[in-house]
Amino acid sequence: MGRRRKPKAKTYELDIESLSHEGRGIAHLEEKVVFVSGALPGEKVLADRTFSRAKFEEADVIEVLKPAKNRIAPKCEVFGVCGGCSFQHLSSEDQIQAKAEWLKDAFSGQAKVAPKHWLEPLQEQSWGYRRKARLGVRYVAKKEKVLVGFREKKSGFITNMSRCEVLHPSLGDNLEVLAECIGKLSIKSQVPQLEVAVAENSTVLILRHLESLSEQDEQILLDCANELNVTFYTQSGGADTVKPLDKPAVLTYSHPDHDIVMEFLPTDFTQVNFKLNQKMINLALEMLELNDQDEVIDLFCGLGNFTLPIAKYSKHVVGVEGDLGLIERAKYNAEKNSITNADFYKADLFKEVEGFEWFRGKTYNKALIDPARSGAIEIVELLPKLGVERLVYVSCNPATLARDTAKLIELGYKLDTAGVMDMFPQTAHVESIALFTK
């Protein structure tokens, strides 16, 4: 794919007709579709063109001439510049309703179907919720200042931000302190990013560095860690170079309704919104209608986020995941929580799996799948061979959920229930859940 060429400067007045699936306003001008960042349906705006092609253009709002009735003032002072959020000009209630419409459009457009029942949107905290993030770091020599934050929209520059309203307060309230700390390092110009992992009991910051830290640098970081009550890890190269600067942290999150505590590493995938995750687990269990005779398979199981709660209410559950490290920690978490009816296997679910022990000759009457954005079309096609009669599908991409829904219907399943969950408030990210029965 070639570079995005910067178009000639153009400012135009636009009437916004609807909202795209990425959260941008849609307008029409001279037979072209214009996607306008920061605009809402019903608004008249002035916008600067940022990208142009034969059939569409992209633009950014520079002035709202006629605001929509549901437009609100963004909470963050760098909203519109920072690429971390895209929806702060809409209330949380309006955001989730927009996401529900996108899911409906995906089902009707791609799968030509609608569920029998629509769930009420699942929501929790809308601010200070984000516990996993990758932040950019840059030393700006002209200003003799270090910037720490999300990157700007459509830019590689780091947003000049003093705080972040969506990051967990342990970090979001302390960006300036963190930037000042990094600014004291002898290698401050060789620190490109921070990986953030906030558990229920501690906060870990993984400092990526391109040159070695001196003893004085390490002491600066330890002093900062004490001040902010965080733990620094360092990363000098690939993922295998991540290590604690001093003592390792034990990171945990919990499923209090099911008496389960999960341990994880700072580099492990976990849901960013712990409170919403707890609600999502409860909803999935309710949709599965578990009993002590059920044989359940959890595909793309990760750490066992769904698997271990499922084990509490079923006869037996099998978790399958492609990452060996996650499988090892899932087994550890099962043992730690005294769960003996859960087994875990490593397998690449995008390749041939019918010869594996957990598949060959086995049947499961219920299943849960929680794939990445690319969906699960390869494994979906095999569910009838496993005997699955009731399936809960958790998705982070309405487009691939709709595609896989069409295949499931072709295989004889019915779309019973579906709804959206606000895992990433203030962004256009859509998390959804659907129930299929046979």
Handout entry: Counterpart residues, ring pair (Phe, Tyr, Trp, His ring centres under 6.0 Å), relative to Phe424 (two or more places apart)
Key = His429

Listing, residues 245-253 side-chain donor-acceptor contacts under 3.5 Å, not counting sequence neighbours, or none:
from: Thr252; atom 1: OG1; to: Asn201; atom 2: OD1; distance (Å): 3.4
from: Tyr253; atom 1: OH; to: Asn305; atom 2: OD1; distance (Å): 2.9

Problem - Pairwise salt bridge (Lys or Arg N to Asp or Glu O under 4.0 Å) hits with a residue in residues 158-178, at least two apart - result: Arg163-Glu165, Arg163-Asp173

Practice task
Assess whether atom NZ of Lys346 is packed by more than 12 heavy atoms of other residues, nucleotides or ligands within 6.0 Å.
Solution key: yes

Practice task
Sorted by first residue and then second, give each salt bridge (Lys or Arg N to Asp or Glu O under 4.0 Å) pair with at least one member in residues 112-131; sequence neighbours left out.
Solution key: Glu124-Lys279

Handout entry: Donor-acceptor pair, side chain of Glu321 and main chain of Gly302, under 3.5 angstrom
Key = yes

Problem - NZ/Lys243: more than 12 non-hydrogen atoms of other groups inside 6.0 Å - result: no

Validation: residues 178-187 side-chain donor-acceptor distances under 3.5 Å, sequence neighbours left out:
from: Ser186; atom 1: OG; to: Asp217; atom 2: OD1; distance (Å): 3.3
from: Ser186; atom 1: OG; to: Asp217; atom 2: OD2; distance (Å): 2.7

Exercise for the section: Heavy atoms only: give me the nearest Cys164-Met161 pair and the separation to one decimal. Expected result: CB-CE, 3.8 Å

Handout entry: Pairs satisfying side chain to side chain donor-acceptor pair (under 3.5 Å), at least one member in residues 141-153, at least two apart
Key = Lys145-Asn160

Exercise for the section: Would you please name every residue forming a ring pair (Phe, Tyr, Trp, His ring centres under 6.0 Å) with His168, sequence neighbours left out? Expected result: none

Completion exercise
Hits for ring pair (Phe, Tyr, Trp, His ring centres under 6.0 Å) against Tyr393, two or more places apart or cross-chain, chain-then-number order -> none

Handout entry: Between Asn282 and His258, a side-chain donor and acceptor under 3.5 Å
Key = yes

Exercise for the section: With sequence neighbours left out, write down each residue that passes salt bridge (charged side-chain N to carboxylate O under 4.0 Å, His left out) with Glu286, or none if nothing qualifies. Expected result: none

Completion exercise
With Val320 as partner, the option from Leu349, Asp298, Thr307 fulfilling side chain to side chain contact (heavy atoms under 4.5 Å, CB included) is Leu349

Problem - Salt bridge Lys44-Glu13, side-chain N to carboxylate O under 4.0 Å - result: yes

Exercise for the section: Kindly give the heavy-atom pair with the smallest separation between Ile16 and Gly25, and that separation in Å. Expected result: CG2-CA, 3.6 Å

Practice task
Applying side-chain contact (heavy atoms from CB on, under 4.5 Å), name anything that partners Ser236, two or more places apart in sequence or on another chain.
Solution key: His209, Thr241

Handout entry: Flag if over 12 foreign heavy atoms under 6.0 Å of CD, Glu381
Key = yes

Handout entry: Residue pair Phe300, Phe306: steps toward the ring-ring contact (aromatic ring centres under 6.0 Å, His included) verdict
Key = CA-CA 10 Å; Phe300 309 94; Phe306 288 99; over 10 Å; no

Exercise for the section: Mark yes or no for whether Ser189, through its side chain, and Tyr139, through its backbone, hold a donor-acceptor pair below 3.5 Å. Expected result: no

Completion exercise
Here the pair of heavy atoms bringing Ala68 nearest to Leu40 is CB-CB, 4.1 Å

Exercise for the section: Please confirm whether the backbone N or O of Ala27 pairs with a side-chain atom of Asp15, one donor and one acceptor, at under 3.5 Å? Expected result: no

Practice task
Evaluate the salt bridge (Lys or Arg N to Asp or Glu O under 4.0 Å) criterion for residues Glu43 and Lys66: first the C-alpha distance (whole Å), next the side-chain angles of each, then the deciding distance (0.1 Å), finally the verdict.
Solution key: CA-CA 5 Å; Glu43 293 187 330; Lys66 176 188 172 186; over 6 Å; no

Fill in the blank from the handout: From the list Val137, Val242, Leu194, side chain to side chain contact (heavy atoms under 4.5 Å, CB included) partner of Leu207 resolves to Leu194

Practice task
Applying side-chain contact (heavy atoms from CB on, under 4.5 Å), run through Ile327 and Cys301 and close with a yes or a no.
Solution key: CA-CA 8 Å; Ile327 286 295; Cys301 70; 4.1 Å; yes

Exercise for the section: Determine the interplanar angle of the Phe56 and Phe35 rings, folded into 0 to 90°, and report it as parallel if under 30°, tilted if 30 to 60°, perpendicular if over 60°. Expected result: perpendicular

Handout entry: Side chains of Thr203 and Asn229 in contact at under 4.5 Å (non-hydrogen atoms)
Key = no

Problem - Glu77, CD: over 12 other non-hydrogen atoms inside 6.0 angstrom - result: no

Problem - Residues forming a side-chain contact (heavy atoms from CB on, under 4.5 Å) with Phe269, sequence neighbours excluded - result: Gln271

Handout entry: Donor-acceptor pair, side chain of Asn174 and main chain of Val177, under 3.5 angstrom
Key = no

Practice task
Only pairs at least two apart or in different chains count here, so list each salt bridge (Lys or Arg N to Asp or Glu O under 4.0 Å) that has a residue in residues 85-101.
Solution key: Lys99-Asp422, Glu101-Lys104

Practice task
For Tyr12, look at atom OH and say whether over 12 heavy atoms of other residues, nucleotides or ligands are found less than 6.0 Å away.
Solution key: yes

Practice task
Take atom CD of Gln216 as the centre, draw a 6.0 Å sphere, and report whether it contains more than 12 heavy atoms from other residues, nucleotides or ligands.
Solution key: no

Handout entry: Worked check of side-chain contact (heavy atoms from CB on, under 4.5 Å) between Val33 and Lys55
Key = CA-CA 7 Å; Val33 177; Lys55 294 185 178 180; over 6 Å; no

Exercise for the section: Apply the test side-chain hydrogen bond (donor to acceptor under 3.5 Å, both in side chains) to residues Ser254 and Glu200: give CA-CA distance (whole Å), side-chain angles for both, the deciding distance (0.1 Å), then the verdict. Expected result: CA-CA 8 Å; Ser254 61; Glu200 288 179 344; 3.1 Å; yes

Problem - Short side-chain to backbone donor-acceptor contact, Gln95 and Gln426, under 3.5 Å - result: yes

Practice task
For the pair Met421 and Val394, evaluate side-chain contact (heavy atoms from CB on, under 4.5 Å) and give the outcome as yes or no after the intermediate values.
Solution key: CA-CA 10 Å; Met421 305 177 290; Val394 177; 4.2 Å; yes

